[in-house]
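Here is the structure we will look at, set down as structure tokens.
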Amino acid sequence: MHTEGLTREERAEYDERGFVRLRGFTGPEVCERMLERVVGLARAHAGGDRAAPGLVLPEANLADAGGNPEDLVSKIFRLHRDGVFAAFAADPRVTGPLVDLIGPRLDCFLSQFIFKNPGAWGQPWHQDSFYFPFEPARPIVGAWLAVTEATLENGCLHVLPGSHREPVHEHVPDRRPNANFGYVEIVDHDMAAAEPVLMDPGDLLLFDSHLIHRSTDNRSEGIRAAMVFHYAATGTVDHGPSPVNDFVAVR
Ligand SMILES: O=C(O)CCC(=O)C(=O)O
């Protein structure tokens with residue numbers, strides 16, 4: 001369906017609003033395999049296995065909670081060389097639309113599984129390019145796969161349509177006590193025009209790295225999981241460099 005790229009309507013929506021939601025992009029079996037793999041990785045990490053792939057970040061708001069290892073994790077980074085994640089990152093159905101948006105040669109440079117367990121923090125208003133000191137700086141596209149349903153209650157994304165045309169704003173550290181590592185926030189911007197992005201498992205959101213977005217805390221009883229990949233043109237230079245970035249050619 002999307003191997004040839006975005007439809008004209010999808011491309012127009014992306015250009016106008018800075019994001020496009022591709023409904024029913026992938027089947028439940030892919031989501032289940034991803035979830036199964038990260039649960040295994042969280043348990044391996046908790047058991048002391050430092051050879052297992054992935055960089056595990058604990059959820060600060062659940063530091064004192066009990067449960068299984070995976071119940072205490074915020075994110076696992078650096079997954080896009082591993083099995084089901086590598087296959088998804090380089091799947092022509094994924095790279096087809098990205099070629100339209102970025103160019104013919106693509107690297108996936110960042111991947112993160114976001115657990116968002118019950119009680120986990122949302123990520124405050126930010127632009128992803130704040131984290132990417134790259135040359136060239138754009139275009140960079142995020143691909144956010146809903147592994148579970150994303151609702152208002154469990155902490156779906158909220159986006160500010162059209163904000164991809166704005167420069168990268170000042171970001172300050174997330175001011176909440178005991179905030180998650182690396183969370184930053186735009187505080188000097190009117191977000192009144194923002195809208196929630198409700199997603200079903202298997203829906204994929206493509207979004208520009210200047211799009212202002214956030215997610216809210218998970219106030220539900222269930223997990224709100226997502227797998228997020230970021231892409232840039234091959235040859236992009238990372239002036240960071242960051243421990244979570246890992247440039248891998250996917251096309
Ligand atoms: O999924 C979330 O809770 C936040 C994700 C996000 O903001 C991002 O991927 O940049």
Side-chain angles (χ1 to χ4, degrees), residues 18-21 31 34-35 38 55 57-62 73-80 85 88-89 94 98 108-134 138-161 163-164 166 168-169 171 173-174 176 179-187 189 191 194-220 222-232 242 244-245:
F19 63 97
V20 62
R21 178 173 23 195
C31 299
M34 287 183 175
L35 192 52
V38 289
L55 200 153
L57 194 72
E59 170 57 52
N61 210 22
L62 296 172
V73 174
S74 168
K75 301 182 176 186
I76 301 184
F77 290 96
R78 292 183 76 110
L79 292 171
H80 53 290
F85 306 107
F88 189 88
V94 177
L98 294 165
C108 177
F109 66 88
L110 175 64
S111 57
Q112 48 189 307
F113 190 95
I114 307 180
F115 284 77
K116 188 69 87 76
N117 285 300
W121 290 126
Q123 190 162 351
W125 290 115
H126 67 282
Q127 293 159 296
D128 290 345
S129 274
F130 172 80
Y131 294 100
F132 306 148
F134 293 173
R138 301 176 88 174
I140 294 171
V141 179
W144 194 104
L145 176 69
V147 171
T148 64
E149 194 184 17
T151 66
L152 288 175
E153 200 195 359
N154 73 11
C156 67
L157 290 180
H158 296 241
V159 298
L160 188 62
S163 57
H164 62 304
E166 299 180 20
V168 177
H169 294 277
H171 291 62
D174 184 344
R176 296 173 293 189
N180 272 338
F181 180 77
Y183 279 15
V184 292
E185 184 174 12
I186 299 170
V187 291
H189 198 290
M191 306 296 184
E195 55 185 61
V197 186
L198 305 179
M199 310 265 286
D200 288 321
D203 291 352
L204 186 72
L205 185 79
L206 300 179
F207 63 103
D208 184 279
S209 62
H210 278 223
L211 183 76
I212 298 178
H213 64 288
R214 71 162 176 180
S215 69
T216 46
D217 303 345
N218 184 351
R219 301 181 202 284
S220 80
I223 184 173
R224 192 241 63 190
M227 181 65 211
V228 193
F229 301 89
H230 278 84
Y231 295 85
S242 150
V244 290
N245 292 346

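Scope of the values below: all heavy atoms of this structure, side chains included, with no hydrogens, waters or symmetry mates. Bear in mind the structure is a predicted one, so any value in this text is a computation, not a measurement. Just follow the structure's listing: the first ligand is 1, and inside any ligand the first atom is 1. Numbering of residues begins at 1 and proceeds along the displayed sequence.
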Practice problem: Check the pair Trp144 / Val197 against side chain to side chain contact (heavy atoms under 4.5 Å, CB included), numbers first and verdict last. | Solution: CA-CA 11 Å; Trp144 194 104; Val197 186; over 6 Å; no
How far is [atom] from its nearest protein heavy atom, and which residue and atom name does that atom have?
atom: atom 3 (O) of ligand 1; value: Ser215 OG, 2.6 Å
atom: atom 9 (O) of ligand 1; value: Val228 CG1, 3.8 Å
atom: atom 5 (C) of ligand 1; value: Ile114 CD1, 3.6 Å
atom: atom 8 (C) of ligand 1; value: His213 NE2, 3.5 Å

Given side chains that start at C-beta, do those of [X] and [Y] come closer than 4.5 Å, heavy atoms only?
X: Cys108; Y: Phe85; result: no
X: Asp128; Y: His230; result: yes
X: Phe207; Y: Arg21; result: no
X: Arg214; Y: Pro124; result: no

Quiz item: Between Phe229 and Phe88, what is the ring plane arrangement, given parallel below 30°, perpendicular above 60°, and tilted in between?
Solution: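 It falls in the parallel class, under 30°.
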Quiz item: Touching ligand 1 at all, His126? Heavy atoms, strictly under 4.0 Å?
Solution: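 Distance cut 4.0 Å: His126 passes for ligand 1.
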Exercise. Of the side chain and backbone of Ala226, name the one, both, or neither that has a heavy atom under 4.0 Å from an atom of ligand 1.
Key: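 No part of Ala226 comes within reach of ligand 1.
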Ligand-residue contact atoms, ligand 1 with [X], heavy atoms, under 4.0 Å:
X: Leu157; value: 1 (O), 2 (C), 4 (C), 5 (C)
X: Lys116; value: 3 (O)
X: Asp128; value: 10 (O)

Exercise. Could you go through the side chain to side chain donor-acceptor pair (under 3.5 Å) check for His158 and His213 one step at a time?
Key: CA-CA 5 Å; His158 296 241; His213 64 288; over 6 Å; no
